[in-house]
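Everything on this sheet refers to the single structure shown next.
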Amino acid sequence: MSHSSAMRWLHRFGSLPYFYRVSRLWARCLALPGLAMAGYGVYAGLAIVPPDYQQGDVFRIIYIHVPSAWLSLFGYTAMAVAGVVILVWRLKIAEIFIIAAAPIGASFTFLTLVTGSIWGEPTWGTWWVWDARLTSELILLFLYLGVIALHQAIESPRIAARACALLSVVGVINIPIIHYSVVWWNTLHQGSTIRPLGGSTMETDMIIPLLIGALGFTLIFGWLTLWRMRAQLIWRERRSRWVTRMIHHER
Amino acid sequence: MNDSWQQFLHMGGYARYVWSAYGIAAAVMLANVVAPIVALARIKRRIAREEFVDD
């Protein structure tokens, strides 16, 4: 892509009416394959793959726990990237993204903690332990909630977005800590199941549905974020001509 | 109900753990889908009432 066409693309993408118009189609394109793949992953995890030779059927919680955990990290990292864009270029679409993604990321972080806790009780004999992995994931939930609270507390949307951006950028240090916590500290939490460079600790038949499911949930994350962005966008632009016109035209 | 279905629901004795984890996940996902649809509709209604024309 040449420099000028890249700039043109950026300009169009940053154009809010354009984004609002096309994001509906993008969301639909993500929703169908996302639901199908996530559905397959969960179905295979619950009904097709054999029980784990050590943990039995309780290990099936992995098919919701690992995709949630992946999205809790992915969501915050994406917010930190948007945070840099906000702090450096003040791009409005990035401001809208950060606040749209935060509640979804928070919900997946919550799911990670809850499903992990339910899995921990029969496997470790405890619902909760102040282990490095669990504690850093709990801090991630507080970071997400902090971004949401900042956005609600500051009235000016642009100042609020800068505050949220700053917290996202600073808080992203927690992401590698979560990822490597099982390596750096001797934790109760088991080591990584999926190792892209080889040596995964799971059978191929068990890991493929997990990967398909994780990809499916990632597409769902994108779909949900786009819908939240659309709502956030017309709220931010509620006084602009194109929004009021469009809405009166729809009725 | 046949045996294999019951065996599936039984989850090797871990039924309450597995099904509560997936039940909570289903509830969270449903809320994630419904919330933006409701929010968008509500915002559109407020804008349609022209609440923001003068401020």
Side-chain angles (χ1 to χ4, degrees), chain A residues 27 31 35 38 42 45-47 51-52 55-65 67-68 100 103-104 106-108 110-112 114-123 217 220-221 223-240 243-244 246-248 250-251, chain B:
Chain A
L35 288 169
V42 166
L46 284 172
D52 185 70
Q55 298 188 5
D57 284 311
V58 77
F59 106 101
R60 297 182 193 280
I61 291 175
I62 202 172
Y63 293 93
I64 190 67
H65 179 73
S68 304
I104 305 169
S107 77
F108 280 108
F110 168 78
L111 257 189
T112 308
V114 169
T115 56
S117 181
I118 293 172
W119 193 359
E121 211 279 326
T123 347
F217 277 106
I220 289 175
F221 188 102
W223 162 45
L224 297 174
T225 307
L226 284 173
W227 268 107
R228 278 190 174 274
M229 285 178 76
R230 289 166 62 77
Q232 186 62 30
L233 194 158
I234 57 167
W235 177 247
R236 280 281 296 266
E237 299 301 299
R238 61 191 177 274
R239 290 181 188 86
S240 69
V243 169
T244 47
M246 176 192 71
I247 282 167
H248 287 293
E250 271 180 13
R251 300 211 157 219
Chain B
M1 270 202 284
N2 59 36
D3 277 357
S4 70
W5 181 244
Q6 245 164 21
Q7 207 181 357
F8 172 67
L9 290 179
H10 187 246
M11 278 291 155
Y14 291 110
R16 61 198 182 108
Y17 298 106
V18 173
W19 296 120
S20 61
Y22 279 92
I24 292 165
V28 168
M29 292 309 292
L30 190 69
N32 265 337
V33 172
V34 171
I37 294 170
V38 171
L40 192 60
R42 206 187 58 220
I43 288 167
K44 281 183 177 175
R45 265 201 313 276
R46 287 192 64 178
I47 297 171
R49 285 200 303 261
E50 300 184 55
E51 288 179 27
F52 309 108
V53 170
D54 297 321
D55 57 28

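Only this structure's heavy atoms are used, side chains among them; waters, hydrogens and symmetry mates stay out. Quick note on labels: first sequence line is chain A, next is B, and so on, each numbered from 1.
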Interatomic spacing from CE in B:Met29 to CG in A:Leu111 - rounded to 0.5 Å = 8.0 Å

All N/O donor-acceptor pairs, side-chain side in residues 32-44 of chain B, below 3.5 Å, sequence neighbours left out:
{"from": "B:Asn32", "atom 1": "ND2", "to": "A:Ser107", "atom 2": "OG", "distance (Å)": "2.8"}
{"from": "B:Lys44", "atom 1": "NZ", "to": "A:Glu250", "atom 2": "OE1", "distance (Å)": "3.4"}

Between B:Met11, B:His10, B:Arg16, which shows the greatest number of heavy-atom pairs under 4.5 Å with chain A?
-> B:Met11

Between A:Ile247 and B:Ala48, what is the shortest heavy-atom contact and its length?
-> CG2-CB, 3.8 Å

Assert top hit (heavy-atom pairs under 4.5 Å, partner chain B, pool A:Ala38, A:Pro122, A:Ala231) equals A:Pro122

Go through the atoms of A:Trp119 and report whether side chain, backbone, both or neither lie under 4.5 Å from a heavy atom of chain B.
-> neither

When A:Gln232, A:Glu121, A:Met229 are compared by non-hydrogen pairs under 4.5 Å with chain B, the top option = A:Glu121

Top of A:Arg228, A:His248, A:Arg230 for chain B proximity - count of heavy-atom pairs under 4.5 angstrom = A:His248

What are the two closest non-hydrogen atoms of B:Arg46 and A:Trp235, and how far apart are they?
-> NH1-CH2, 3.7 Å

In terms of heavy-atom proximity below 4.5 Å to chain B, should A:Phe59 be classed as side chain, backbone, both, or neither?
-> neither

Are side-chain heavy atoms of A:Leu46 and B:Phe8 found at a separation under 4.5 Å?
-> yes

Rounding to 0.5 Å, atoms OH (B:Tyr22) and CD1 (A:Ile61) come to a distance of 7.5 Å

Rounded to the nearest 0.5 Å, what separation is found between the CD1 atom of B:Ile24 and the OG atom of A:Ser68?
-> 11.5 Å

So, the part of B:Tyr17 with a heavy atom under 4.5 Å from chain A: the answer is both

Please flag which part of A:Glu237 lies under 4.5 Å from any non-hydrogen atom of chain B: side chain, backbone, both or neither.
-> neither

Counting only heavy atoms closer than 4.5 Å, note whether A:Val58 contacts chain B via side chain, backbone, both or neither.
-> both

